[in-house]
Amino acid sequence: MNPTGGDEGAWTCTEEIAVESGGSYTLTFQAKLDGKLKRGLKAVLVFADETGRTVGQFEYAFNRKSSIPGGRFLLPMQCDAIQYALTGEPLYARKVKNQLLFMFNDFCQGAEHWLATNLRPEGSDSYGAVQGGRLLCAAAVSYSFIRTAQVFSQEEKERFYGMTEYLLRYMLDLRDRTEWTDREAQEGCTNWQTDMCAGTGFMMMALTDFPNRHTWLNNADFMLKAQLELNVNPDSSWPESIRYHHAALERFAGYAKAADNVLGENWFAATPLLRMFGYSAAVQTPGYAYFDGRIGTPPFGDHALSGGGEFGFFATYLADAARMDRRLADRMHHTWTAAGKPFKRLWGEGIALENILGQGDSYKPSAPFRLVSTKAFLDAGIYIFRKGFGSGKESYFAIMSSPRPVGHGHLDQGSFILYKNSVPLVMDSGIEGYFDSSTNWHISSYSHACLQFAAVRRPVPGDSGGGAINLSAGTYSLERGWVDVPRESRVLDVALGGETDSITIEIANPEGSGRHIRHVTYIREPDLYLIRDTVEDFTGKVLFSLPVASRHSVADGSRVYSEGAYGVDLETVFLSPVEAVRLEQGRSTPFFGSRRDAVSMMDYVRAVADAKHGFLTVLHPKEKEAARLQAGIRPDGSITLRTDGYTVYLNAASGPYGAALLRMERNEEAAR
């Protein structure tokens, strides 16, 4: 507390916190400031060496009011509006009116600050145009419930309409976009304009007497349709990471629901919208015990493995899907059920009403659901090998190779994730947030199951100012002497079915000559993965990285044994010459019980080899009690792999890059 302007207070932490030299850390603290202070809160961190001698100091000043006042009313406003619709109690309608007027006043001030100064108000993104679009969506739905309640005076209505006009010009303009082609209407637009135009359209559907209503509505409507027609990939994916695919799908679907009700337009039939649901269902990961048996989606790019919350809005649109495609609706219901029948996330920027519009358990699917290995999502860049779908002991392998850069994607071409018995063993680290010091780590190739070319080490960049949104990999890899992989690659071949699944990917060296060919052969029955990394036109060292969800890993020469969770382990065996194999730890989003309680950490297998040798690697996911893999390669290129149940014979020299399965025997047959 500061009774007078001259008072100050301080707290000192007497406990020493161990940090690693050269590490990158995020300072997180809780501070409630009710107004502007002269200097604000100053955090001082003093660094000492092992002898206790001070070696450095870091200071950070925080002088921002603790809350964004309008933002906290978005969800209560929607709930009050629903309460009014259910009860007819005028108190709820008056609360909605007051919240609308307060939030619009607050947001208009933030928008004006940003427009006038080109700076974030209070250093916060919460007044950006995309947030304005989301605010308008929630406000429009809430207002539609109280429109006939007669709670606005004439003065209040004029003020409300004036603030709406100000925000609409923050979202869009009155140039007639319907005179343009679809491509012209959406050219230069991103997922920001999706929310901005959705908010504009929602508001104009709700305010039936608003000046220039039809122009605002037609412009927003036309741009959104153009985005769907031109941006949804042929494989039904949105051209961004899976997290943003779901964000776009949720917003488009909500708008389509309103357009059907208000305008009589069926976007589920007339646009590519509906098939976007099919992509989400088809890439689902196995139900996983850490998330109480719920499915998720592969966390490539700006995403994180979770317990299926991203499927919460599927139930809302089952009836819309069933009218157009009953088979798809069945798949959506099965997926929603496997995700634990989640509700949509209840937060201000979502539409709370959608949670009570869906059929949910009243929908009865007419057909079972089955997924197999697929190469159907080449635009998204995700190829999936599956075995045992729905059995509770599923094998799942997903690898990334996108022909074009994916929005909010990472530097992860050729990286993969791997499950055995529905337990993830090799996993993508995901991303924790855009304001954390860990963001560079998560985006860089160094945190993925990639092969990297050696490069000249780059100096560590200076402080970027702190607190700013971070969307870059920076020089995290280069500081360690390795170049990040590019944002696109080329699939040379995919073969699915029979005893093996396989894929061959070509990845260029973005810093000059050299190309990396990654060939993965999945031998289905014994669950073995043979990864052959061939490097051409490059002289130097290459790095192979493997992020393993392990409680404890041990390196023994060219082998690494990793103890996983839930009774499933992973053996990694390098059959080709390697110069060094070491283990590191790297942080991830929480998805398994790691050794550190506070921060989820995976074990990273790092192997270095001469480019002329590349890597020939076997991954053997196994149940804990199963025998360890016996593996050998002969001078003629033949490989023998022996597990508990099978002996596999391959020819690693077959073809330019791959490995041919010669034969496979059950071990009792091999013994005879």
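Predicted model only: the values in this text are computed from it and were never measured. Throughout, residue positions are numbered sequentially from 1 according to the sequence presented.
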Judged by atom type as modelled, is there a donor-acceptor pair below 3.5 Å linking the side chain of [X] to the main-chain atoms of [Y]?
X: Lys387; Y: Arg524; answer: yes
X: His620; Y: Asp527; answer: no
X: Arg518; Y: Ile505; answer: no
X: Trp238; Y: His246; answer: no
X: Arg487; Y: Val406; answer: yes
X: Thr285; Y: Gly296; answer: yes
X: Ser391; Y: Lys393; answer: yes
X: Arg294; Y: Phe291; answer: yes
X: Tyr244; Y: His303; answer: no
X: Asn421; Y: Val423; answer: no

Looking only at side-chain N and O atoms, does [Y] offer a donor or acceptor that is under 3.5 Å from a partner on [X]?
X: Asp484; Y: Ser444; answer: no
X: Ser545; Y: Arg606; answer: yes
X: Ser401; Y: Ser489; answer: yes
X: His245; Y: Ser280; answer: yes
X: Asn509; Y: His516; answer: no
X: Ser373; Y: Asp501; answer: yes
X: Ser562; Y: Ser553; answer: yes

Under the criterion side chain to side chain contact (heavy atoms under 4.5 Å, CB included), I'd like the reasoning laid out for Gln413 against Ser402: C-alpha separation, chi angles, the key distance, then a yes or no.
CA-CA 7 Å; Gln413 298 300 297; Ser402 58; 3.2 Å; yes

Should [X] and [Y] count as side-chain neighbours, where that means a heavy-atom distance under 4.5 Å?
X: Met427; Y: Ile417; value: yes
X: Leu496; Y: Tyr383; value: no
X: Phe385; Y: Thr374; value: no
X: Leu543; Y: Tyr446; value: yes
X: Thr589; Y: Pro299; value: no
X: Leu249; Y: Phe277; value: yes
X: Ser502; Y: His519; value: yes
X: Lys622; Y: Thr643; value: no

Run Glu240 and Thr190 through side chain to side chain contact (heavy atoms under 4.5 Å, CB included) and show every step you take.
CA-CA 10 Å; Glu240 298 186 88; Thr190 67; over 6 Å; no

May I ask you to decide if the ring planes of Phe311 and Phe314 are parallel, tilted or perpendicular, using 30° and 60° as cut-offs?
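Perpendicular, since the angle between the ring planes exceeds 60°.
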
Working to the nearest 0.5 Å, report the span between [atom1] of [X] and [atom2] of [Y].
X: Leu305; Y: Thr297; atom1: CG; atom2: OG1; value: 7.5 Å
X: Asp195; Y: Gln131; atom1: CG; atom2: CD; value: 8.5 Å
X: Asn231; Y: Cys189; atom1: CG; atom2: SG; value: 8.5 Å
X: Ile443; Y: Asp412; atom1: CD1; atom2: CG; value: 10.5 Å

Show every donor-acceptor pair shorter than 3.5 Å between a side-chain atom in residues 611-619 and any protein atom, with sequence neighbours excluded, or say none if there are none.
none

Test Phe592 against Tyr566 for side chain to side chain contact (heavy atoms under 4.5 Å, CB included), laying out the working first.
CA-CA 10 Å; Phe592 78 110; Tyr566 303 101; 5.8 Å; no

Restricting to non-hydrogen atoms, name the atom on Val548 and the atom on Met602 that form the minimum distance, rounded to 0.1 Å.
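Looking at all heavy atoms of both residues, the shortest contact is O-CB, 3.3 Å.
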
If the threshold is 4.0 Å, N to carboxylate O, is there a salt bridge linking Glu229 and Arg183?
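Arg183 and Glu229: not salt-bridged.
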
Aromatic centroids of Phe574 and Phe544 separated by under 6.0 Å:
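Judged by ring-centre distance (under 6.0 Å), Phe544 and Phe574 do meet the cut-off.
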
Determine whether the aromatic ring centres of Phe58 and Phe47 lie less than 6.0 Å apart.
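No - the distance between ring centres of Phe58 and Phe47 does not fall below the 6.0 Å cut-off.
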
Mind jotting down which residue pairs meet the ring pair (Phe, Tyr, Trp, His ring centres under 6.0 Å) criterion with at least one end in residues 409-429? Sequence neighbours excluded, please.
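Non-adjacent pairs meeting ring pair (Phe, Tyr, Trp, His ring centres under 6.0 Å): Tyr396-Tyr419, Phe397-Phe416, His410-His448.
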
Using the ring of Tyr476 (Phe, Tyr or Trp, six-membered ring only), decide whether Arg480 places NZ or CZ under 6.0 Å from its centre and within 45 degrees of its axis.
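Yes, a cation-pi geometry.
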
Which salt bridge (Lys or Arg N to Asp or Glu O under 4.0 Å) pairs, counting each pair once, include a residue from residues 438-454, with sequence neighbours left out?
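Residue pairs with at least one partner in residues 438-454: there are none.
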
